[in-house]
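What follows is one structure encoded as structure tokens, with my remarks underneath.
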Protein chains: 2
Amino acid sequence: MGSMASTTGSRGPSEARARLIRTATELFYAEGITAVGVERLIAEAGVTRVTFYRHFPSKEDLVLAYLQAEDEAIQGAFAAAAASGAEPRALVELVIQALGDDIERQHTRGCPFINAAAEYPDASSPIRKKIAEHREWFRSTLEQVITAAELPDPAEKAGALVLLRDAAMVGGYLDGPEAVRPTFERTAREVLGV
Amino acid sequence: MGSMASTTGSRGPSEARARLIRTATELFYAEGITAVGVERLIAEAGVTRVTFYRHFPSKEDLVLAYLQAEDEAIQGAFAAAAASGAEPRALVELVIQALGDDIERQHTRGCPFINAAAEYPDASSPIRKKIAEHREWFRSTLEQVITAAELPDPAEKAGALVLLRDAAMVGGYLDGPEAVRPTFERTAREVLGV
DNA sequence: TTCTAAGTAGAAGGAACGGTCTACCTACTT
DNA sequence: AAGTAGGTAGACCGTTCCTTCTACTTAGAA
């Protein structure tokens, strides 16, 4: 006596799959990956076990999809900022503020990638590779932004900025974002010399 | 037919207990807390289940003891540095180097407290309280050191230094300590103006 | 000497884990 | 009209989780 159903039988990107990733994003981030079981996941996504395993051969594949979704979100934000047509120098300030804003409003439980890394000690695992890949993208993107603004030592400054951002996300979680955001933005400007 | 035994029946601080904490310190740090089961713990500590639960009513109590041990180790290092009789200004540099050294040589898998926090979302849990307590001790100790060196804005600088240290530990884990240590020490001096 | 704290060994229990399986339904595509 | 991709429902399996239990040993303290 299936109640609503509605979207069964389509071929597109799959509602159920999207709901699983959305639920995973919420739960994995809020409570940790190992701490959230498949049972819980499918219950909150409103999906059956079979459906889950049809889309993701194992839980690890969902973890990967979760990190992928986070990655795409950040890349999207950067692309939007770059497309805004701001001048290179203004873009640097824009990025600093966007990162500060994200720490205060979106990611208040630390960095999804850092948190995940704490649960996966094996650096050669697919998950750790994904994390490393994301971090390298982030670092090199910052380097490009700094280079475009014609600031000195872009590579070095980008490294320092990654450091600071990591710190601010962790600090925002453990010590409260209100106190950390200004410290982050101030120190970032100081390090970049803007 | 118990083979060696030797230290059974004593009343002191208990060998078995010490071994459990030592093993926990290694395994929890290296592999994560949830990822290491009691079975594994007692096997590597060479202790039986009963002994384990005699000393620690639950696994969580061992986690607490593990964090306590880490806390004491760092407090000990600070106390030793303070007792070295270095001048206040030199002590600041000494602390920066000691933190850098720790990141490069001891804590190469991130910060034990930050990693633990990632696995315990409930801020009111005993573990998170212990973590908050440690962080506050660390921050205020840095503030004292900076104050003694008569540097400006000690509270603010201490906050920034905590931020940087967090970052360097995470970065050391995920991007390699060799690259991060110089960035950390350089940025720390820059922020403190020394 | 007796008591007790701290240890050994190993079985057991209930819950939760990730993952597989059967059986049926539905709607789009061909 | 037939085929198939994607969905539902729920039982089931082997493993591991944390924890408790009984039964015995050993050595220092009372």
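This one's a predicted model, so the numbers in the text were calculated from it and none came from an experiment. In what follows, chains carry the letters A, B, and so on, assigned in the order in which the sequence lines appear, proteins first and then strands, with residues in each chain numbered from 1.
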**Request:** Name the closest nucleotide to the V50(B) side chain, picking from dG19(C), dG10(C), dA6(C).
**Result:** dG10(C)
**Prompt:** In whole Å, what is the span from the CD atom of E31(B) to the P atom of dC17(D)?
**Reply:** 12 Å
**Message:** Without decimals, in angstroms, what is the distance between F52(A) CZ and dC17(C) P?
**Reply:** 12 Å
**Prompt:** How long is the line joining CZ of R54(B) and P of dA9(C), in whole Å?
**Reply:** 13 Å
**Message:** Between C1' on dT16(D) and CG on L41(B), what's the gap in Å once rounded to a whole number?
**Reply:** 15 Å
**Asked** Could you give the distance from NZ (K157(B)) to CG (L164(B)), rounded to the nearest 0.5 Å?
**Response** 11.0 Å
**Request:** Answer yes if the side chains of H107(B) and E70(B) hold a donor-acceptor pair under 3.5 Å, and no otherwise.
**Result:** yes
**Message:** Using OP1 and OP2 only, check whether a side-chain N or O of T48(B) sits under 4.0 Å from dT8(C).
**Reply:** yes
**Nucleotide nearest V38(A) (side chain, heavy atoms from C-beta), chosen from dT19(D), dT8(C), dG18(C)** = dG18(C)
**Request:** Rounded off to whole Å, could you give me the CD-to-P distance for the E39(B) and dA9(C) pair?
**Result:** 13 Å
**Message:** Angle between ring planes, F113(A) versus H134(A), binned at 30° and 60°: parallel, tilted or perpendicular?
**Reply:** parallel
**Asked** Is R165(B) positioned over the aromatic face of F138(B), cation under 6.0 angstrom from the ring centre and no more than 45 degrees off axis?
**Response** yes
**Item:** Rounded interatomic separation in angstrom, taking CG from L27(B) and P from dC17(D)
**Value:** 12 Å
**Message:** Among dC18(D), dT8(C), dG7(D), which nucleotide has an atom closest to any side-chain atom of Y53(B)?
**Reply:** dC18(D)
**Item:** For atom CD1 of I33(A) and atom P of dC17(C), their distance in whole Å
**Value:** 15 Å
**Prompt:** F56(A) CZ to dG6(D) P: how many Å, rounded?
**Reply:** 13 Å
**Prompt:** Taking only side-chain nitrogens and oxygens of S14(A), does any of them come within less than 4.0 Å of OP1 or OP2 of dG7(D)?
**Reply:** yes
**Item:** Minimum-distance nucleotide to K59(A) side chain [options: dC18(D), dA6(C), dG18(C)]
**Value:** dG18(C)
**Prompt:** Is the cationic atom of R189(A) (NZ for Lys, CZ for Arg) positioned less than 6.0 Å from the six-membered ring centroid of F184(A) and within 45 degrees of its normal?
**Reply:** no
**Message:** What's the closest nucleotide to the side chain of H55(A) if the choices are dA9(C), dG7(D), dG7(C)?
**Reply:** dG7(D)
**Message:** Quiz question: going by heavy-atom distance under 3.5 Å, is there a donor-acceptor pair between the base of dG10(D) and the side chain of R49(A)?
**Reply:** no
